[in-house]
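Worksheet: one structure, shown below.
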2 protein chains.
Amino acid sequence: MLTEERQQIILEQLKIHNIVKLHDLIPLTGASESTLRRDLQDLENCHKLLRIHGGAQNVISLHEEPALSQKAAVHINEKKMIGQTAANLVQNHEVIFLDSGTTIQFMIPYLIEHTDLLVITNGVDNASMLADYNVNTFLPGGKLKSSTKALVGSNIIQTLENYHFDRAFLGTNGFSIEAGYTTPDSEEAAIKRLAIAQSNQAYVLSDSSKFSQVSFSRFATLDEVPLITDRLSEKESSILSKYTKITEAI
Amino acid sequence: MLTEERQQIILEQLKIHNIVKLHDLIPLTGASESTLRRDLQDLENCHKLLRIHGGAQNVISLHEEPALSQKAAVHINEKKMIGQTAANLVQNHEVIFLDSGTTIQFMIPYLIEHTDLLVITNGVDNASMLADYNVNTFLPGGKLKSSTKALVGSNIIQTLENYHFDRAFLGTNGFSIEAGYTTPDSEEAAIKRLAIAQSNQAYVLSDSSKFSQVSFSRFATLDEVPLITDRLSEKESSILSKYTKITEAI
DNA sequence: GTTTTTATGATTGATTTTGACCAAAATTGG
DNA sequence: CCAATTTTGGTCAAAATCAATCATAAAAAC
């Protein structure tokens with residue numbers, strides 16, 4: 001049986017059942033477990049399916065809610081603590097910038113402790129949540145990036161140049177000693193960079209799992225912006241503290 | 001049975017019964033109590049349900065998909081038809097303005113029929129949904145109004161004055177022969193008025209239940225902007241047609 | 001015809017998931 | 001109010017699944 005044939009069968013099964021188990025595919029294709037694993041990997045790489053433990057499911061699952069995938073839920077407790085720690089830094093009457101992204105989202109419930117805040121954010125989902133919590137919110141205009149639902153582009157850059165923040169809270173896709181804070185999208189990086197420049201004090205929020213992860217575009221070095229993260233190992237902590245100011249959420 | 005499968009079953013049950021007991025899930029899934037507990041935990045973490053003693057219930061959150069919220073669900077089929085009719089008016093390569101609000105939201109799934117659209121909207125929830133459907137979207141900057149999640153204020157007014165649209169699609173809180181199209185918030189009315197002025201062609205979308213409802217602030221008279229609505233009674237239809245151009249969605 | 005590349009299946013150890021168990025907490029029913 | 005019951009969160013070991021590696025066989029390139 002040819003590779004194409006097998007993969008066709010997999011996709012057919014997926015159309016019918018929405019979910020397919022790896023073990024059910026073995027008799028259907030006559031291929032080995034290893035081969036089928038590779039097939040699933042390939043198909044996932046071209047976004048034809050989504051791998052799950054034990055098999056695969058359709059990309060556009062019927063029940064999938066785009067807001068928070070299971071993946072986002074992995075470090076949920078860490079993120080909650082980080083969010084609370086960050087929110088505690090805020091003072092009443094301040095103007096703060098909130099980045100897009102789920103890590104930052106966890107700050108929002110704790111922001112209501114403070115009175116008379118004005119929040120500027122480039123994340124539409126975060127904006128929506130801020131509205132739910134009745135926080136004064138302002139959105140700078142911009143192009144909406146589909147994948148991350150963040151506002152980007154020259155328009156928002158121009159807008160932010162006219163603003164000044166008491167504090168800015170930023171997400172990141174990775175941080176490492178050599179590469180600093182990095183993110184895959186250079187347009188988003190530009191906004192993060194500007195938010196740092198326009199604020200009296202900026203912070204990066206990240207759970208410790210992103211330590212030593214490197215992405216394409218750097219928006220700050222570690223010594224430029226302090227990091228708020230959850231408990232690092234003692235080794236990690238001692239290494240990092242030479243390069244940046246760390247606040248560990250407990 | 002795979003993890004995803006079980007969790008889908010749980011969510012299905014939840015959709016049907018609004019509440020589900022842990023013990024009822026055991027025979028339905030064939031999984032152990034422990035496993036189902038973990039499933040409930042996972043699903044709660046991504047806000048798909050709310051755990052309660054002995055089981056789980058639907059999340060009543062404001063973050064729920066707005067399409068399914070109770071208020072929106074009343075005239076859901078009418079709104080779908082209206083949304084489809086309105087979306088059919090759009091041509092490829094056009095720049096269109098979409099108002100905030102749930103009625104307008106129903107246009108979005110039908111917009112993907114058209115290529116190379118640019119959509120400007122003042123509704124952050126609509127913007128989020130447009131991103132899900134991969135539609136080019138631009139948000140004008142502005143203050144976010146908590147209750148309706150619409151962008152308002154002088155900032156967005158200034159921005160919109162510099163733009164021009166091929167078509168604008170607006171929601172309304174009521175329409176009547178004497179009062180025209182009305183909405184409770186004067187700031188939102190100002191934006192609707194401006195969107196009409198800046199577009200080659202504007203439309204108001206409204207299900208027929210809003211006939212003869214009057215709210216505080218008028219943003220257009222009936223003869224200024226055509227109405228897209230669902231089947232009116234013959235009497236209503238004959239009265240209205242003297243004052244405005246009506247498109248009835250079927 | 002030989003070498004290189006590619007695809008496959010088997011094996012390994014690591015990771016994840018699972019079900020059972022138990023003590024603590026919450027709920028129920030007097 | 002207390003006692004009985006149910007539900008819960010945590011830990012644990014077994015089972016399933018996974019990613020990575022390796023050797024072999026087929027196909028392609030030279």
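Labels below follow one simple rule: chain letters A, B, ... track the order of the sequence lines, proteins then strands, and each chain is numbered from 1.
- Computed from coordinates, the Arg6(B) CZ to dT17(C) C1' distance equals 8 Å when rounded to whole Å.
- Under the side chain to side chain donor-acceptor pair (under 3.5 Å) criterion, Asp24(B) pairs with no residue at all, not counting sequence neighbours.
- Atom-to-atom, NZ of Lys21(B) to P of dT27(C) comes out at 16 Å; the value is rounded to the nearest Å.
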What is the per-nucleotide protein-contact pattern of nucleotides 8-25 of chain D, from the 5' end, where B denotes a base atom under 4.0 Å from a protein heavy atom, S denotes such proximity for sugar-phosphate atoms only, and - denotes neither?
BS-------SBS------
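- Checked against the 6.0 Å centroid threshold, Phe211(A) and Phe175(A) count as a close aromatic pair.
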Can you list the steps and then say if Asn18(A) with Asn58(A) is a side-chain hydrogen bond (donor to acceptor under 3.5 Å, both in side chains)?
CA-CA 5 Å; Asn18(A) 203 37; Asn58(A) 266 322; 2.8 Å; yes
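- Without hydrogens or angle criteria, Thr121(A) side chain to Leu98(A) main chain gives a donor-acceptor distance under 3.5 Å.
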Could you walk me through whether Asp125(B) and Met129(B) pass the side-chain contact (heavy atoms from CB on, under 4.5 Å) test, one step at a time?
CA-CA 6 Å; Asp125(B) 282 339; Met129(B) 188 163 170; over 6 Å; no
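- The CD-C1' distance, from Gln7(B) to dT17(C), rounds to 12 Å in whole Å.
- Phe219(A) carries Lys192(A) over the face of its six-membered ring, with the cationic atom under 6.0 Å from the centre and within 45° of the normal.
- Residue Thr35(A) places at least one side-chain N or O under 4.0 Å from the OP1 or OP2 atom of dG9(C).
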